[in-house]
Amino acid sequence: MNINIFLFDKFETLDIFGPIEILARNKNHQLFYYSLNGGIVTSAQGTKVYTESIKSANKKGVLVVPGGQGTRELVNDDKFLNTLKSIAIESEYCLSICTGSALFAKAGLLDGRRATSNKLAFKWVKTTSDKTIWVEKARWVVDGKYYTSSGVSAGMDMTLGFIEDLYGTVEAYNIAKNIEYIWNRNKEEDLFYKEE
């Protein structure tokens, strides 16, 4: 199965590299790195990644989108959003980490669907769509083919949940064990959620 990682400038490094570590450990996956136009993309922490143009992607697979400061600009970029929407519609599964859900929401992909995002950015994320059913108290949320996670490291918990859904609990736990990661398996419990 193709794992299509859609990057942009100022993405959050751990948002994507945590899930990449997990996804790459499953023998059924081939990982590909894309951006809107291809070339070098630089994370908010200065990590540079060589990407191909998303136009060349085989859309039959899994779309993975991180969050980060770059999402603040991209929610107003119609070209990016239209491209994201066209790829997501054809993808078998769509995973977003942190404020990546704001991009899904603004593109209309989460209309009428449940979703979550980074708790520290939640108020801003909610402004991107009043048609999304935002779930604040969640580590991650699954609605149909859409998986959305809370902030940064929650993407790893969600990705292990995705592995469990597709390949079973044993596979997910084996990956967590091999990377010495304590998996927060309960998607409805988020220690970073605070009632106001």
Participant: So does Leu23 get a backbone contact from the side chain of His29, meaning a donor-acceptor N/O pair under 3.5 Å?
Facilitator: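 Here the side-chain-to-backbone pair exists.
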Participant: Over all heavy atoms of both residues, which pair between Ala115 and Thr148 is shortest? Give the atoms and the distance, please.
Facilitator: CA-OG1, 3.3 Å
Participant: Would Asp15 and Cys98 count as a side chain to side chain contact (heavy atoms under 4.5 Å, CB included) if you check the C-alpha gap in whole Å, the side-chain angles of each, and the deciding distance to 0.1 Å?
Facilitator: CA-CA 7 Å; Asp15 274 9; Cys98 194; 3.2 Å; yes
Participant: Can you list the steps and then say if Ile16 with Val65 is a side chain to side chain contact (heavy atoms under 4.5 Å, CB included)?
Facilitator: CA-CA 8 Å; Ile16 201 66; Val65 177; over 6 Å; no
Participant: Does any part of the side chain of Lys55, heavy atoms only, come nearer than 4.5 Å to the side chain of Tyr34, both counted from C-beta?
Facilitator: no
Participant: Please check if the side chain of Gln45 supplies one atom and the backbone of Thr13 the other of a donor-acceptor pair under 3.5 Å.
Facilitator: yes
Participant: Can you find a heavy atom in the side chain of Ile97 that is under 4.5 Å from one in the side chain of Ser149?
Facilitator: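 Side-chain contact under 4.5 Å: yes.
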Participant: Are Leu120 and Leu14 connected in a single hydrophobic cluster, I mean Ile/Leu/Val/Met/Phe/Trp/Tyr linked by side-chain heavy atoms less than 4.5 Å apart?
Facilitator: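 No; Leu120 is not reachable from Leu14 via cluster members.
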Participant: Listed by chain and number, what are the side chain to side chain contact (heavy atoms under 4.5 Å, CB included) partners of Asn174, not counting sequence neighbours?
Facilitator: Val170
Participant: Donor-acceptor pair, Ser91 side chain versus Ile87 backbone, under 3.5 Å?
Facilitator: yes
Participant: Counting neighbours of CD1 on Ile182 that are heavy atoms of other residues, nucleotides or ligands and sit closer than 6.0 Å, is the number greater than 12?
Facilitator: no
Participant: Thinking salt bridges, do Lys119 and Asp190 make one under a 4.0 Å N-O criterion?
Facilitator: yes
Participant: Assigning hydrophobic clusters by single linkage (Ile, Leu, Val, Met, Phe, Trp, Tyr; side-chain heavy-atom cutoff under 4.5 Å), is Met1 placed with Ile22?
Facilitator: yes
Participant: For a side chain to side chain contact (heavy atoms under 4.5 Å, CB included) check, start with the C-alpha distance between Asp165 and Tyr147, then their side-chain angles and the critical distance, and finish with the verdict.
Facilitator: CA-CA 11 Å; Asp165 290 347; Tyr147 286 65; 2.6 Å; yes
Participant: Measure from the side-chain N and O atoms of Asp143 to the backbone N and O of Tyr146, and report whether any donor-acceptor pair falls under 3.5 Å.
Facilitator: no
Participant: Mark yes or no: Arg114 above the aromatic ring of Trp134, with NZ or CZ under 6.0 Å from the six-membered ring centre and no more than 45 degrees from the axis.
Facilitator: no
Participant: Crowded around Lys145 NZ? As in, over 12 foreign heavy atoms under 6.0 Å?
Facilitator: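 Yes, enclosed.
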Participant: Nearest 0.5 Å please: distance from the CG atom of Leu81 over to the CG atom of Leu109.
Facilitator: 9.0 Å
Participant: State plainly whether one hydrophobic cluster holds both Leu31 and Leu95, where clusters connect Ile, Leu, Val, Met, Phe, Trp and Tyr through side-chain heavy atoms under 4.5 angstrom apart.
Facilitator: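 Yes, Leu31 connects to Leu95 through the hydrophobic network.
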Participant: Going by heavy atoms in the side chains, are Arg185 and Arg139 under 4.5 Å from each other?
Facilitator: no
Participant: Is the side chain of Thr132 donor-acceptor paired with the backbone N or O of Ser129 at a distance under 3.5 Å, no angle test?
Facilitator: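 Checking the backbone N and O of Ser129 against the side chain of Thr132, no donor-acceptor pair under 3.5 Å is found.
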Participant: Taking C-beta and beyond as the side chain, do Leu166 and Glu171 meet within less than 4.5 Å on heavy atoms?
Facilitator: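 A side-chain contact is absent here, since even the closest heavy-atom pair is not under 4.5 Å.
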Participant: Write down the atom of Ala88, the atom of Cys94, and the distance for their closest heavy-atom approach.
Facilitator: O-SG, 3.5 Å
Participant: Measure the CZ-CD1 distance between Arg25 and Ile179 for me, rounded to the nearest 0.5 Å.
Facilitator: 6.5 Å
Participant: Has the side chain of Ser101 got a donor or acceptor atom that lies under 3.5 Å from a matching backbone atom of Thr116?
Facilitator: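 Side chain of Ser101 to backbone of Thr116, a donor-acceptor pair under 3.5 Å: yes, one is there.
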Participant: Considering non-hydrogen atoms only, spot the tightest contact between Asn26 and Tyr167 and give its length.
Facilitator: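 Reported closest heavy-atom pair: ND2-CD1, 3.4 Å.
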Participant: Does Thr99 reach the main-chain N or O of Ala102 with its side chain, forming a donor-acceptor pair under 3.5 Å?
Facilitator: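 No.
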Participant: Indicate yes or no: at least one non-hydrogen side-chain atom of Phe104 is less than 4.5 angstrom from one of Leu84.
Facilitator: yes
Participant: Same cluster or not: are Val141 and Phe162 linked, directly or through other Ile, Leu, Val, Met, Phe, Trp or Tyr residues, by side-chain heavy atoms under 4.5 angstrom apart?
Facilitator: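 Looking at the clustering, Phe162 is in a separate group from Val141.
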Participant: I'd like to know whether Tyr33 forms a ring pair (Phe, Tyr, Trp, His ring centres under 6.0 Å) with Tyr50, so could you lay out the CA-CA distance, the side-chain angles of the two residues, the decisive distance to 0.1 Å, and finally the verdict.
Facilitator: CA-CA 7 Å; Tyr33 300 85; Tyr50 177 77; 9.9 Å; no
Participant: In the structure I gave you, are the side-chain heavy atoms of Ser56 and Phe32 within less than 4.5 Å of one another anywhere?
Facilitator: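 SC-SC contact between Ser56 and Phe32 ruled out.
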Participant: Taking the side chain as every heavy atom from C-beta outward, state whether Tyr181 and Leu160 have any atom pair closer than 4.5 Å.
Facilitator: yes
Participant: Less than 4.5 Å apart, any side-chain heavy atom of Ile54 and any of Phe80?
Facilitator: no
Participant: Under the side chain to side chain contact (heavy atoms under 4.5 Å, CB included) criterion, do Lys131 and Leu110 qualify, and how do the steps go?
Facilitator: CA-CA 7 Å; Lys131 296 178 181 177; Leu110 300 178; over 6 Å; no
Participant: Look up atom CG in Asn184 and atom OG in Ser150, then write down how far apart they are to the nearest 0.5 Å.
Facilitator: 11.0 Å
Participant: Can you find a side-chain donor-acceptor pair between Glu12 and Gln69 that sits under 3.5 Å?
Facilitator: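 No, no side-chain donor-acceptor contact under 3.5 Å.
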Participant: Between the main-chain N or O of Val125 and the side-chain N or O of Ser117, is there a donor-acceptor pair closer than 3.5 Å?
Facilitator: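 Not at all, since once roles are kept as given, no pair shorter than 3.5 Å links the two residues.
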Participant: Within the side chain of Thr83, is there an N or O that forms a donor-acceptor pair under 3.5 Å with the backbone of Lys79?
Facilitator: yes
Participant: So does Glu164 get a backbone contact from the side chain of Thr169, meaning a donor-acceptor N/O pair under 3.5 Å?
Facilitator: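 No, Thr169 side chain to Glu164 backbone: no donor-acceptor pair under 3.5 Å.
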Participant: Assign the ring pair Trp183 / Trp140 to parallel, tilted or perpendicular, where the plane angle (0 to 90°) is split at 30° and 60°.
Facilitator: parallel
Participant: Indicate every side-chain donor-acceptor pair of residues 2-11 with a distance under 3.5 Å to a residue at least two apart or in another chain.
Facilitator:
residue: Asn4; atom: ND2; partner: Asn58; partner atom: O; Å: 2.9
residue: Asp9; atom: OD1; partner: Thr42; partner atom: N; Å: 2.9
residue: Lys10; atom: NZ; partner: Glu73; partner atom: OE2; Å: 2.5

Participant: I'd like to know if Ile133 and Val142 are part of one continuous hydrophobic network [Ile/Leu/Val/Met/Phe/Trp/Tyr, side-chain heavy atoms within less than 4.5 Å].
Facilitator: no
